[in-house]
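A quick write-up on the structure given underneath.
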Amino acid sequence: MVNLIWLLMLLAGIVVAGINGHIEIVTEASLEAAQTAVTLAFELIGLMAMWLGLLKIAEDAGLVALLARLLRPFTRYLFPEIPRDHPAIGSIIMNMSANILGLGNAATPFGLKAMQELQTLNPRPDEATPAMCTFLGLNTGCLTLIPATIIGIRAAANSTDPTIIVAPTILATGFSMVMAVVFDRLFRRVYGGHGG
């Protein structure tokens, strides 16, 4: 679907440029955008390496494990249908911890593992369970304390203060996480899911 949307946007741009008699703009814009993308990618390498290195040190120092311990009561409330010792709980906690610390690359494998473990508890494999829906909502709207990727992009774009995005990001992601939890509980009650 995304590929189709991109194709339609490209075709619309080419058609509009052709109708206006400026078809050469399409080639110029394509080459300029490709060059900008390569430049931005190279500028991000150093910044991302520094941030991810610092966060990896924090992970090795036990910060992720500490967050995991702090989040355990929270997950028991959100996922009451999952047995306490089930491997899904551990993967969910690690995914949320990585998201909170801005470790998006580290969060993805934990998220995939959590979904696999949740599927083992699914009595109807063709349908998502309430726990799966809750986890998806949390994963999408999870609180982020260190938006490393956005800081890197802003720095690469020559922002005078790339870290100014930290406070708004914490507020926005905190609000989105609260809304995800509220609507999850609401929909569980409305549709009769477990743990409502």
Would you say the side-chain atoms of [X] pair up with the backbone N or O of [Y], donor to acceptor, closer than 3.5 Å?
{"X": "E81", "Y": "A131", "value": "yes"}
{"X": "N122", "Y": "R124", "value": "yes"}
{"X": "S91", "Y": "A88", "value": "no"}
{"X": "T144", "Y": "P147", "value": "no"}
{"X": "R154", "Y": "T163", "value": "no"}
{"X": "Q119", "Y": "P125", "value": "yes"}
{"X": "S176", "Y": "G141", "value": "yes"}

- Would you say E24 has more than 12 foreign heavy atoms packed within less than 6.0 Å of its CD?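 Yes, the 6.0 Å shell around CD holds more than 12 heavy atoms from other groups.
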- Task: Check whether more than 12 heavy atoms from other residues, nucleotides or ligands sit under 6.0 Å from atom CG of L145, and answer yes or no.
- Result: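 Buried by this count: over 12 neighbours within 6.0 Å.
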- Query: How far apart are the C-alpha atoms of N20 and V16, what are their side-chain angles, what is the distance that settles it, and do they pass the side-chain contact (heavy atoms from CB on, under 4.5 Å) test?
  - Reply: CA-CA 6 Å; N20 291 327; V16 171; 3.5 Å; yes
What's the spacing between [X] [atom1] and [Y] [atom2] if we round to 0.5 Å?
{"X": "R185", "Y": "R189", "atom1": "CZ", "atom2": "CZ", "answer": "7.5 Å"}
{"X": "T140", "Y": "L136", "atom1": "OG1", "atom2": "CG", "answer": "4.5 Å"}
{"X": "L138", "Y": "T134", "atom1": "CG", "atom2": "OG1", "answer": "7.0 Å"}
{"X": "N99", "Y": "I146", "atom1": "CG", "atom2": "CD1", "answer": "12.5 Å"}

According to a hydrophobic-cluster definition based on side-chain heavy atoms being under 4.5 Å apart (Ile, Leu, Val, Met, Phe, Trp, Tyr only), do [X] and [Y] belong together?
{"X": "M179", "Y": "V190", "value": "yes"}
{"X": "F79", "Y": "F74", "value": "yes"}
{"X": "I93", "Y": "Y77", "value": "yes"}
{"X": "V182", "Y": "F187", "value": "yes"}
{"X": "L171", "Y": "I164", "value": "no"}

Looking only at heavy atoms, what is the nearest atom pair of [X] and [Y], with distance?
{"X": "T75", "Y": "M96", "value": "CG2-SD, 4.3 Å"}
{"X": "M177", "Y": "L143", "value": "SD-N, 3.4 Å"}
{"X": "I92", "Y": "A114", "value": "CG1-CB, 3.8 Å"}
{"X": "C142", "Y": "I100", "value": "SG-CG1, 3.9 Å"}

- Task: Check whether NZ of the Lys or CZ of the Arg R188 lies under 6.0 Å from the centre of the six-membered ring of F183 and within 45 degrees of that ring's axis.
- Result: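 No, R188 and F183 do not form such a contact.
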- Task: State which residue, out of L118, L78, I82, T129, fulfils the side-chain contact (heavy atoms from CB on, under 4.5 Å) condition with F135.
- Result: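 Option passing the side-chain contact (heavy atoms from CB on, under 4.5 Å) with F135: L118.
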- Apply side-chain contact (heavy atoms from CB on, under 4.5 Å) to the pair M9 and I5, showing each step before the final yes or no. CA-CA 6 Å; M9 291 173 65; I5 292 173; 4.0 Å; yes
- Item | Non-hydrogen side-chain atoms of P83 and L121 separated by less than 4.5 Å |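 Yes, side chains in contact.
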